[in-house]
Peer 1: 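One structure, as structure tokens, below. Some questions next.
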Amino acid sequence: MNKPLDYKDLAQVDRTHISLYTDPSVLQDELERIFYRSWVYVAHDSELPNPGDYKATFIGLVPVIVSRDMAGKVHVLVNRCMHRGATVCATEKGNVKSFMCPYHGWEYGLDGQLTAVAMPRGYNPGEIDKDTLNLISAVRVESYRGIIFASLLAEPDVSLTDKLSGVKEYIDLYMDFSPVGEILVGISAVSKHLYKGNWKIQVEGSVEGYHAPVTHATAFDVMIRKMGFPGNYQDQPLHGIDGGHGNNVLEVYRMPDEAVHKRWGPEFIDLLTQAHGRERAMEVLRTRFNMVLFPNFAILEYQFRVIRPIEPELTEVRLYHTTLKGVPAKFNTRRVREHEFFYGPASFGGPDDYAVFDRMGAGYHAQMAPWVYLNRGYLSETTDDHGRRVGGHTQETQQRAPYYEYRRLMAQTGK
């Protein structure tokens with residue numbers, strides 16, 4: 001029998017071992033201990049607004065369906081017929097009354113209940129127990145501000161409220177960009193990217209402040225000259241924050257009032273002021289951040305980012321563009337255009353990242369250099385009034401943050 005891996009040694013506070021990014025046995029442990037037994041993002045309410053709506057997605061390697069039944073309740077179901085294993089839902093979204101297996105016609109309700117078996121007379125008495133053959137449901141499904149999380153196989157050992165407690169204020173800021181406090185996800189665009197590297201590379205990269213002026217030099221030049229972005233990026237009084245439970249925040253900018261007025265204009269500022277009050281509106285408008293909700297979800301200025309491991313060295317990333325409810329169309333058009341500028345398939349920013357991720361995946365095969373260093377700013381890290389670890393925005397507090405939760409969850413070997 002192979003000796004269990006020591007994840008506290010492989011994922012140290014200031015460095016991670018390359019085997020965490022390349023070893024198939026590590027990914028299997030991650031799926032069992034993190035993806036299938038803790039809170040994982042699956043969907044947003046706006047993706048299934050009506051009874052009968054569904055979204056097909058994945059938790060780790062497991063295909064799942066997020067469905068809304070006729071009573072309005074959200075379910076997360078394993079997308080696998082309980083008879084011979086075919087997926088019962090082949091399209092990514094839609095509206096149905098039930099799910100039917102294409103192989104033998106078994107039919108399941110929106111809540112996963114087995115409602116019909118084709119040609120039932122072929123079964124002899126005692127050969128089938130319909131009550132035990134419903135689609136497998138996630139053990140726990142909850143949401144906050146429309147963001148739906150599920151735990152597939154076990155009751156998480158922290159509540160969703162506790163899980164989000166260190167970053168809740170940032171989620172609220174994001175949603176309050178809408179005057180009605182609600183967003184729409186994926187209505188205007190969904191982009192899918194593959195890169196040849198481990199899923200944790202994107203978790204680290206979603207809140208990476210150190211690389212931005214280097215990797216995205218051309219984009220930064222345009223943003224400084226044309227979009228009012230501050231030129232002295234490294235000197236900005238911004239932070240990386242460890243929000244606890246693997247979550248983190250990178251503050252990208254905080255604009256002074258005059259910059260807020262220049263960027264957003266009086267119409268949009270007045271719209272938010274009427275909805276939220278002047279102080280809250282200005283706080284929402286001046287603050288931009290990137291945030292990771294560990295393990296598979298990131299929120300950026302104009303997108304929800306979903307990270308899916310496929311193989312130890314193959315990852316899919318889906319970018320779901322977000323728009324605002326309760327605003328004139330022109331403001332959402334602006335969001336789309338600014339998103340396309342940096343994150344579209346032919347943009348100034350996103351393609352740079354995935355090219356670098358491919359190169360990182362290749363570099364992790366140099367076994368004579370076994371460590372990935374995340375120690376920038378470690379010795380100067382402080383703690384804020386909420387007990388959160390804080391560092392400078394070009395340091396690596398936010399990269400270290402997920403690995404505290406990673407070590408905790410990977411030490412739990414119980415099935």
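Residues take their numbers from the sequence shown, with the count starting at 1. This is a predicted model, so every value here is computed, not measured.
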Peer 1: Quick one: CG on L272 to CG on L285, what's the gap to the nearest 0.5 Å?
Peer 2: 5.0 Å
Peer 1: With a distance cut-off below 6.0 Å to the six-membered ring centre and an angular limit of 45° from the axis, does R335 pair with F177 as a cation-pi contact?
Peer 2: yes
Peer 1: Would you indicate whether Y210, at its atom OH, is surrounded by more than 12 heavy atoms from other residues, nucleotides or ligands within a distance under 6.0 Å?
Peer 2: no
Peer 1: Which residue pairs pass the salt bridge (charged side-chain N to carboxylate O under 4.0 Å, His left out) test when at least one of the two sits in residues 129-151, sequence neighbours left out?
Peer 2: R140-E142, R140-E155, R145-D172, R145-D176
Peer 1: Tell me whether K55 forms a cation-pi arrangement with Y320, defined as NZ or CZ under 6.0 Å from the six-membered ring centre and within 45 degrees of its axis.
Peer 2: yes
Peer 1: Show, in sequence, the C-alpha distance, side-chain angles and deciding distance for Y373 and Q399, and conclude whether the side-chain hydrogen bond (donor to acceptor under 3.5 Å, both in side chains) test is met.
Peer 2: CA-CA 10 Å; Y373 290 96; Q399 274 73 44; over 6 Å; no
Peer 1: Please collect all ring pair (Phe, Tyr, Trp, His ring centres under 6.0 Å) contacts where either partner lies in residues 142-172, sequence neighbours excluded, each pair once.
Peer 2: Y170-F289
Peer 1: Which distance, rounded to the nearest 0.5 Å, do you find between the CD1 of I269 and the CH2 of W264?
Peer 2: 9.5 Å
Peer 1: Heavy atoms only: give me the nearest I34-V40 pair and the separation to one decimal.
Peer 2: O-CG2, 4.2 Å
Peer 1: Under the side-chain contact (heavy atoms from CB on, under 4.5 Å) test against T87, which residue among V64, N79, I65 passes?
Peer 2: N79
Peer 1: Do E251 and H393 pair up side chain to side chain, a donor and an acceptor below 3.5 Å, judged on atom types alone?
Peer 2: no
Peer 1: Of the non-hydrogen atoms in T287 and L173, which two are nearest, and what is the gap between them?
Peer 2: CG2-CD1, 4.3 Å
Peer 1: Output the distance between atom CG (L5) and atom CG (D29), rounded to the nearest 0.5 Å.
Peer 2: 6.0 Å
Peer 1: From K325 NZ over to S178 OG, what is the distance, rounded to the nearest 0.5 angstrom?
Peer 2: 8.0 Å
Peer 1: Counting heavy atoms not belonging to Y103, are there more than 12 under 6.0 Å from its OH?
Peer 2: no
Peer 1: Between E283 and R286, is there a side-chain N and carboxylate O pair less than 4.0 Å apart?
Peer 2: yes
Peer 1: Identify whether NZ of Lys or CZ of Arg in R334 sits under 6.0 Å from the centre of the six-membered ring of F268 and within 45° of that ring's axis.
Peer 2: no
Peer 1: Quick one: list whatever passes side-chain hydrogen bond (donor to acceptor under 3.5 Å, both in side chains) with R68, sequence neighbours left out.
Peer 2: D45
Peer 1: Could you tell me whether Q367 atom CD has more than 12 heavy atoms of other residues or ligands within 6.0 Å of it?
Peer 2: no
Peer 1: After noting the C-alpha distance and the side-chain angles of L77 and V88, does the key distance pass the side-chain contact (heavy atoms from CB on, under 4.5 Å) rule?
Peer 2: CA-CA 10 Å; L77 312 168; V88 299; over 6 Å; no
Peer 1: What residues form a ring-ring contact (aromatic ring centres under 6.0 Å, His included) with Y343, not counting sequence neighbours?
Peer 2: H339
Peer 1: Set out, in order, the CA-CA distance, both residues' side-chain angles and the distance that settles side-chain hydrogen bond (donor to acceptor under 3.5 Å, both in side chains) for W371 and Q12, then state yes or no.
Peer 2: CA-CA 10 Å; W371 294 103; Q12 298 181 25; over 6 Å; no
Peer 1: Rounded to the nearest 0.5 Å, what separation is found between the CG atom of L152 and the OG atom of S137?
Peer 2: 9.5 Å
Peer 1: Show your working on side-chain contact (heavy atoms from CB on, under 4.5 Å) between R389 and R400 and close with a plain yes or no.
Peer 2: CA-CA 10 Å; R389 299 179 186 90; R400 290 187 289 272; over 6 Å; no
Peer 1: Within the supplied structure, the quantity of interest is the number of heavy atoms (other residues, nucleotides, ligands) at a distance under 6.0 Å from L314 CG; does it exceed 12?
Peer 2: yes
Peer 1: How about L250 and E208: do any of their side-chain heavy atoms sit closer than 4.5 Å?
Peer 2: no
Peer 1: Under the ring pair (Phe, Tyr, Trp, His ring centres under 6.0 Å) definition, can you give me all pairs with a residue in residues 54-79, not counting sequence neighbours?
Peer 2: Y54-F99
Peer 1: Got a second to check how far I18's CD1 is from M360's CE, nearest 0.5 Å?
Peer 2: 12.5 Å
Peer 1: Closer than 3.5 angstrom, by distance alone: can the side chain of K163 be matched with the main-chain N or O of F294 as a donor-acceptor pair?
Peer 2: yes
Peer 1: Got a sec: does the OH of Y378 have more than 12 other heavy atoms crowding it under 6.0 Å?
Peer 2: no
Peer 1: Check side-chain hydrogen bond (donor to acceptor under 3.5 Å, both in side chains) between N290 and all other residues, then give those that pass, not counting sequence neighbours.
Peer 2: none
Peer 1: Any pair with a residue in residues 292-303 that passes salt bridge (charged side-chain N to carboxylate O under 4.0 Å, His left out), sequence neighbours left out, goes on the list, sorted by first then second residue, please.
Peer 2: R263-E301, R288-E301
Peer 1: Return the orientation label for the Y364 and Y21 ring planes: parallel under 30°, perpendicular over 60°, tilted otherwise.
Peer 2: tilted
Peer 1: Of all residues at least two apart in sequence or in a different chain, which pass the side-chain hydrogen bond (donor to acceptor under 3.5 Å, both in side chains) check with E92?
Peer 2: K192
Peer 1: Can any side-chain N or O of Q398 pair as donor or acceptor with the backbone N or O of Q395 at less than 3.5 Å?
Peer 2: yes
Peer 1: I'd like to check T394 versus R376 (side-chain heavy atoms, cut-off strictly below 4.5 Å). Are they in contact?
Peer 2: yes
Peer 1: Applying salt bridge (charged side-chain N to carboxylate O under 4.0 Å, His left out) as the test, list every pair that has at least one member in residues 6-25; sequence neighbours left out.
Peer 2: none
Peer 1: Any idea which heavy atoms bring M70 and L110 closest together, and the distance?
Peer 2: CE-CD1, 3.9 Å
Peer 1: Kindly state each residue pair satisfying salt bridge (charged side-chain N to carboxylate O under 4.0 Å, His left out) with at least one member in residues 341-361, sequence neighbours excluded.
Peer 2: none
Peer 1: Who pairs with H104 by ring-ring contact (aromatic ring centres under 6.0 Å, His included), at least two apart in sequence or on another chain?
Peer 2: H83
Peer 1: Ring-plane angle category for F357 and Y354, please: parallel below 30°, perpendicular beyond 60°, tilted otherwise.
Peer 2: perpendicular
Peer 1: Is there side-chain contact between R388 and D242, with heavy atoms separated by less than 4.5 Å?
Peer 2: no
Peer 1: What pairs with E396 under side-chain hydrogen bond (donor to acceptor under 3.5 Å, both in side chains), at least two apart in sequence or on another chain?
Peer 2: none
Peer 1: Would you please classify the geometry between the F297 ring and the Y41 ring as parallel, tilted or perpendicular, with 30° and 60° separating the classes?
Peer 2: parallel
